[in-house]
Amino acid sequence: MKKLFLKKIKNLIKIQYPEYSSEKVEEIMYGVEGIYLTITKSVIIFSIAFVLGILKELLLLLIAFNFIRLFSFGMHASKSWICLIFSSSVFIGGTYLCKLITIPTNVLIISYILIFMIIMKYSPADTVKRPLINKKKRIKYKLLSFLVVLTYLIISLIIKDILIRNSLFMGLVIECILILPITYKIFNLPYKNYKNYGLTAVSSV
C-alpha cells in the first residue's frame, strides 16, 4: 500500500515538474513519505488512545514531544512497522505515566539538569536521510533545543496542573532517549551522519 502510494506520487511529480532533478524529486519524496507515515501511524495510535480513554492526555504529550523534536530531531526507525510498535508503546505507556505519577519538585529539577546535559551533548541528532551537514545550523538547533527545555522547566515550576507538568517532562524524556547514541546502536542505525560529508559539514549551507 505504502510503496504503491509513494510510487504514484513520485510519477505524478515527474510528470508535473519534469525540470526537477532526481535529487530534488527524492528530497520531496522524503517529505511525502514522512507525512504518509505520520498520518497512518497517528490514526492507529489515536484510535488506541480513544478506546483506552486517554486521547486528551496523549495529545498533550505529543505536543510537548513534537515541539522539542522540531529542533533536536533524533532517531527514525528503519522500518515502518518498527516505528509503529515503538511509537505506540512509548506514547501510550508515557501517557499512562503522565496520569499516574507525581514528581516532587526537587526530583524534577535534578531530572531537568540531566536533560539539559543530554540535550547540550547530543542534540541535534541527525539521520542518514537527513544529515545535518551545516555546522551553524547544528549550533542553532542545539541552542533552540536548550531554550525549549528551559521554557518547559519554567512552566513546570510555575504551573499547578500535574498532567501538563508531567507531559512536558515526559516529552523531553522520550526525546532524550531518541537522540542518545546507544538508542541508535540498539536499532542498528548510523550516528552523526553529517561526519560522512567531511569538510562540507563546516561550510555547506
**Student:** Kindly say whether Pro131 contributes a backbone atom to a donor-acceptor pair with the side chain of Asp126 at under 3.5 angstrom?
**Tutor:** no

**Student:** List the residues meeting side-chain contact (heavy atoms from CB on, under 4.5 Å) with Ile158, not counting sequence neighbours, and say none if there are none.
**Tutor:** Ile154

**Student:** Quick one: name the residues clustered hydrophobically with Leu143, using the 4.5 Å side-chain heavy-atom rule over I, L, V, M, F, W, Y, and just say none if it's on its own.
**Tutor:** Ile139

**Student:** Got a sec, which pairs hit side chain to side chain donor-acceptor pair (under 3.5 Å) with one end in residues 8-17, sequence neighbours left out?
**Tutor:** Lys10-Glu26

**Student:** Can you list everything that forms a side-chain contact (heavy atoms from CB on, under 4.5 Å) with Pro104? Sequence neighbours excluded, please.
**Tutor:** Asn106, Val107

**Student:** Could I get the full list of side-chain contact (heavy atoms from CB on, under 4.5 Å) partners for Leu52, not counting sequence neighbours?
**Tutor:** Ile48, Ile54, Ile92, Tyr96

**Student:** According to side chain to side chain donor-acceptor pair (under 3.5 Å), does anything in residues 40-55 pair up with another residue at least two apart or in another chain? List the pairs.
**Tutor:** none

**Student:** What pairs with Phe50 under ring-ring contact (aromatic ring centres under 6.0 Å, His included), at least two apart in sequence or on another chain?
**Tutor:** none

**Student:** Can you pull the salt bridge (charged side-chain N to carboxylate O under 4.0 Å, His left out) pairs that have at least one residue in residues 95-116, sequence neighbours excluded?
**Tutor:** none

**Student:** Sorted by first residue and then second, give each side chain to side chain donor-acceptor pair (under 3.5 Å) pair with at least one member in residues 111-124; sequence neighbours left out.
**Tutor:** Ser72-Ser123, Tyr112-Ser156, Ser123-Ser145

**Student:** Show every side chain to side chain donor-acceptor pair (under 3.5 Å) that has at least one partner inside residues 83-93, sequence neighbours left out.
**Tutor:** none

**Student:** May I have the step-by-step check of ring-ring contact (aromatic ring centres under 6.0 Å, His included) for Tyr152 and Phe169, ending in yes or no?
**Tutor:** CA-CA 8 Å; Tyr152 281 15; Phe169 176 72; over 10 Å; no

**Student:** Return each pair, listed once, that meets salt bridge (charged side-chain N to carboxylate O under 4.0 Å, His left out) where at least one residue sits in residues 158-185; pairs must be two or more places apart or across chains.
**Tutor:** Arg69-Glu175

**Student:** Which value, rounded to the nearest 0.5 Å, describes the distance between Ile133 atom CD1 and Asn193 atom CG?
**Tutor:** 10.0 Å

**Student:** Using the ring of each side chain (for Trp, its six-membered ring), is Phe116 parallel, tilted or perpendicular to Phe146, with breaks at 30° and 60°?
**Tutor:** tilted

**Student:** Please list, chain by chain and in numerical order, all residues satisfying side-chain contact (heavy atoms from CB on, under 4.5 Å) with Phe187, sequence neighbours excluded.
**Tutor:** Met75, Ile82, Phe86, Thr183, Leu189

